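Report on the structure given below.
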Amino acid sequence: QQQVKQSPQSLIVQKGGISIINCAYENTAFDYFPWYQQFPGKGPALLIAIRPDVSEKKEGRFTISFNKSAKQFSLHIMDSQPGDSATYFCAAVTQGGSEKLVFGKGTKLTVNP
Amino acid sequence: ETGVTQSPTHLIKTRGQQVTLRCSSQSGHNTVSWYQQALGQGPQFIFQYYREEENGRGNFPPRFSGLQFPNYSSELNVNALELDDSALYLCASSLAGVFGNTIYFGEGSWLTVV
């Protein structure tokens, strides 16, 4: 059972465009939703994260939108750059207890110059 | 840099062998988790250690085992290696009990089983 569903699987965007990646979750016990960026051969790096009591969080060109009632959240990358080309993973976790991260399957983003 | 270091970075083992992977957590972090990331997939939770005790386990067989030491470094041991164990193994450290706690990943250990 996949608890976090991520789409699209791959995304190609032109430089300067907006990249949008969507995730949906099932477990309402999740209370923290981080996004990770992973370059080839590297470990995932935390990009931005949100709590469910906030509808939007922005850090630089990266914005998370969160819809608690729909159990959906999305990552928007504004003014996408070739250096943003990487695989992006959404994740969800229940803080306390084992704090196990449940990841989506990832979105491979390619930003063309 | 996340302050989480893993070794070795790459290794090749033969089916049926045993492997030990090591992780040094970020200073001050008392929780370490291990994840398996198959090629083209998201990381899958293997288990977590908190203050040297296992504190949650994912859907992995008992031949996957671990240790956490008093200095919060950790080991992942895999016995009777199978071809499907070929993957990137990631260590993640965090500070338990802090809401909005950031979980930091190391660069991973690439394991190839032949």
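Since the structure is predicted, the reported quantities are computational estimates derived from the model, not experimental observations. A, B, ... follow the sequence lines: proteins, then strands. Residue 1 opens every chain.
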Least distance between heavy atoms, A/Gly43 atom then B/Leu90 atom: CA-CD2, 3.9 Å
Within 6.0 Å of CD in A/Glu59, more than 12 heavy atoms from elsewhere: yes
Residue B/Tyr35 versus chain A: region with a heavy atom under 4.5 Å: side chain
Engaged part of A/Pro44 at the chain B interface, taking heavy atoms whose separation is under 4.5 Å: both
Residues, nucleotides or ligands: over 12 heavy atoms within 6.0 Å of A/Arg61 CZ: yes
Connected via hydrophobic side-chain network under 4.5 Å: A/Phe30 and A/Ile50: yes
Beyond-backbone contact of B/Gln44 with A/Leu101, side-chain heavy atoms, under 4.5 angstrom: no
Working for side-chain contact (heavy atoms from CB on, under 4.5 Å), residues A/Tyr32 and B/Ile103: CA-CA 11 Å; A/Tyr32 188 63; B/Ile103 302 170; 5.9 Å; no
Side chain to side chain, B/Gln48 and A/Lys100, heavy atoms closer than 4.5 Å: no
Contacts of residues 106-114 of chain B with chain A (heavy atom under 4.5 Å): B/Gly106, B/Glu107, B/Trp110
Heavy-atom contacts under 4.5 Å, residues 60-79 of chain B to chain A: none
B/Gln37 and A/Phe89, any side-chain heavy atoms less than 4.5 Å apart: yes
For B/Leu88 against A/Gln38, the heavy-atom pair lying closest together: CD2-NE2, 3.9 Å
ILVMFWY network linking A/Phe62 to A/Leu11, side-chain heavy atoms under 4.5 angstrom: yes
Heavy atoms of other groups near B/Leu39 CG, more than 12 under 6.0 Å: no
Aromatic ring proximity, centroids under 6.0 angstrom, A/Phe103 and B/Phe45: no
In one Ile/Leu/Val/Met/Phe/Trp/Tyr side-chain cluster, 4.5 Å: A/Tyr88, A/Val102: yes
Most chain A-contacting option - heavy-atom pairs closer than 4.5 Å, from B/Pro43, B/Gly42, B/Gly40: B/Pro43
